Undergrad: 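Got a structure here, written out as structure tokens. Questions coming.
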2 protein chains.
Amino acid sequence: MVQKSKKPPVPRIDAPVQPKRRGRPRAYEPGVALGKALDLFRKDGFAATSLDGLSAATGMNRPSLYGAFGDKRELFIKSYRRYRDDARVAMGDIFRNELPIRKRLERIYAVALDIYLSGESGPRGCFTVMTAASEAVHDPDIRAMVLEGFAELDKAFATCFRLAQEKGELPVSADATVLAQLASATIHTIAIRARAQVPRKELEAIVNGAIDVMCGAAK
Amino acid sequence: MVQKSKKPPVPRIDAPVQPKRRGRPRAYEPGVALGKALDLFRKDGFAATSLDGLSAATGMNRPSLYGAFGDKRELFIKSYRRYRDDARVAMGDIFRNELPIRKRLERIYAVALDIYLSGESGPRGCFTVMTAASEAVHDPDIRAMVLEGFAELDKAFATCFRLAQEKGELPVSADATVLAQLASATIHTIAIRARAQVPRKELEAIVNGAIDVMCGAAK
DNA sequence: GCTTTTTTGTACCATTTCGCAAAGAATTCC
DNA sequence: GGAATTCTTTGCGAAATGGTACAAAAAAGC
């Protein structure tokens, strides 16, 4: 038999578009739905978010939600993981960038403020900080993720400062670890204050003051 | 008529013990009950705390709770006010103390860590920070209280640093406002991390690093 | 002793919550 | 076209939630 006109068994490893699934096609896009769920969790927190709300936000009815992501807790965890991935993407290149330390910090905090102040109904803050304050306390798995988030940020800042030292932008006498913790503390304080609707101007003032201190007060 | 042996109408302004109320006496002490409610709110947050739980914790049944403190939201607000009052008492004299700046900061953070790490079932963190992350977003009254809390702390630290400058412990070139915001940021970062069960040793390391920087890195 | 006042205790209600079972719809495979 | 598969839809149900009505109880006033 010669090749029939039927779609041949071209295996096409890592099918990018339609994996040709077997049954009824999904009425939603998992990625989009997860994003909507994340939005809601960020707005109201885990406890105050209902499955009805999630259902409405994602456009999926309850059983579909359950089938796609598991129960509420699993959906929360997947949402949080998504948040972290997004944040890594948004921050990653800035941290890796070769700008002078001061410029680099400015851009990092600018992006952070964009993330924290976004939101249709009130600023959404930092999801890691929010989760640390609530679910992380009683749920070990979530706690582990949050701690990892803190460590990741500390580490990123630390390598940032160490690089600056190597480039001679900072005195070698400075302790990069300490500076990194201060930088993280500044992230945390603006995240919390943003959530309480402190205006961006004030948050930027805090950031600028902190940068001055970290880069050696002298202007 | 001479004085009868009956308890005379000694008005006893500001009756300290028994105001001789009219009806059935309360079976609880309002102050104690409010403390128990606060404990529960700090542990689980507003949304995850049920009236049943509050009822059990305070020993008051639901209608009594309602009669004494109002609905859940009002009880939460009263609990938070109580927390702030307690914190002010615990911190007040240290802030007002005349110790050298470094010692003073050390003691402030030690007391803060005591507050944040206390709790039978997991560290309870800073209630202001927790509330900022959750209820403050959608409730203007609560938000106002939280913002006031932030401002109060910033201001206390600022006067602290200004005093140190006057005493010549810090260079006059330093910006007391900026230092105060850093000090607050350090409070916030240890509050959040404490809630995620970062061990006290690590938190103390963060504090010590921050103090070094604030007091002018040189040991 | 009787009334008045204040609090307690029981019971209840309407609503919301999370989760699931079961039947129907849309697609692929043969 | 029919079986198999996967998802959607409707609807249910058991539990928990915030809040309240109402009668009984415990004190003071007269």
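Given the structure is predicted, the values throughout are model-derived calculations rather than measurements. Chain A is the first sequence line, chain B the second, and so forth, proteins listed ahead of strands; every chain is numbered from 1.
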Undergrad: Out of curiosity, Met91(A) CE to Asn97(A) CG, how far, rounded to the nearest 0.5 Å?
TA: 13.5 Å
Undergrad: Between the side chains of Asp114(B) and Arg200(B), is the shortest nitrogen-to-carboxylate-oxygen separation below 4.0 Å, so that they form an ion pair?
TA: yes
Undergrad: Roughly how far apart are Arg104(B) CZ and Ile211(B) CD1, rounded to 0.5 Å?
TA: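 Here the interatomic distance stands at 12.0 Å.
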Undergrad: Taking atom P of dG18(D) as reference, at what distance in whole Å does atom CD of Glu74(B) sit?
TA: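 About 15 Å, once rounded to whole Å.
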Undergrad: Just how far, in rounded Å, is P of dT9(D) from OH of Tyr28(A)?
TA: 11 Å
Undergrad: Taking Asp86(B) first and then Arg82(B), would you say they form a salt bridge - that is, a charged N and a carboxylate O separated by under 4.0 Å?
TA: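 Looking at Asp86(B) and Arg82(B), the cut-off is met.
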Undergrad: Any luck finding a side-chain donor-acceptor pair between Ser55(B) and Asp52(B) under 3.5 Å?
TA: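 Side chains of Ser55(B) and Asp52(B): no pair found under 3.5 Å.
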Undergrad: Any residue in residues 60-73 of chain B with a heavy atom nearer than 4.0 angstrom to DNA chain D? Just list them by number, or reply none.
TA: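 Within this stretch, Arg62(B), Pro63(B), Tyr66(B), Asp71(B), Lys72(B) sit under 4.0 Å of the strand.
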Undergrad: Tell me whether Glu74(B) at atom CD has more than 12 heavy atoms from other residues, nucleotides or ligands lying less than 6.0 Å away.
TA: yes
Undergrad: Listed in order of residue number, which residues of residues 33-50 of chain A have a non-hydrogen atom at under 4.0 Å from DNA chain D?
TA: none
Undergrad: Near Lys78(B) NZ, under 6.0 Å, is it more than 12 heavy atoms from other residues, nucleotides or ligands?
TA: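 Enclosed: over 12 neighbouring heavy atoms sit under 6.0 Å from NZ of Lys78(B).
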Undergrad: Can you check nucleotides 28-30 of chain D for protein contacts, nitrogen or oxygen pairs under 3.5 Å, and list what you find?
TA:
residue, atom, partner, partner atom, Å
dA28(D), OP1, Lys20(B), NZ, 3.2
dA28(D), O4', Arg22(B), O, 2.9

Undergrad: Which distance, rounded to the nearest 0.5 Å, do you find between the OH of Tyr80(B) and the CZ of Phe76(B)?
TA: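 Output value for this atom pair is 8.5 Å.
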Undergrad: Pull out every residue in residues 132-145 of chain B that has a heavy atom closer than 4.0 Å to any atom of DNA chain D, ordered by number, or say none.
TA: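 Going residue by residue through residues 132-145 of chain B, none turns out to have a heavy atom under 4.0 Å of DNA chain D.
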Undergrad: Return the value, rounded to whole Å, for the distance between atom CG of Leu51(B) and atom C1' of dA16(D).
TA: 11 Å
Undergrad: For the side chain of Arg24(B), starting at C-beta, report the closest nucleotide among dT8(D), dT27(C), dA26(D).
TA: dA26(D)
Undergrad: Please identify each residue that fulfils ring pair (Phe, Tyr, Trp, His ring centres under 6.0 Å) with Tyr83(B), with sequence neighbours left out.
TA: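 Expected list: Phe127(B).
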Undergrad: For Arg107(B), does the CZ atom sit with more than 12 other heavy atoms under 6.0 Å from it, leaving out its own atoms?
TA: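 No, the 6.0 Å shell around CZ holds no more than 12 heavy atoms from other groups.
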Undergrad: Let me know the distance between CG of Asp52(B) and P of dC13(C), rounded to the nearest Å.
TA: 17 Å
Undergrad: Donor-acceptor pairs under 3.5 angstrom involving side-chain atoms of residues 145-153 of chain A: please list them, not counting sequence neighbours.
TA:
residue, atom, partner, partner atom, Å
Glu148(A), OE1, Arg84(A), NH2, 3.2
Glu152(A), OE1, Arg84(A), NH2, 2.9
Glu152(A), OE1, Arg88(A), NH1, 2.8
Glu152(A), OE2, Arg88(A), NH1, 2.7

Undergrad: Under 4.0 Å between a Lys/Arg side-chain N and an Asp/Glu carboxylate O for Asp39(A) and Lys43(A)?
TA: no
Undergrad: Just by distance, no angles: are the side chains of Asp44(A) and Thr49(A) close enough, under 3.5 Å, to form a donor-acceptor pair?
TA: no
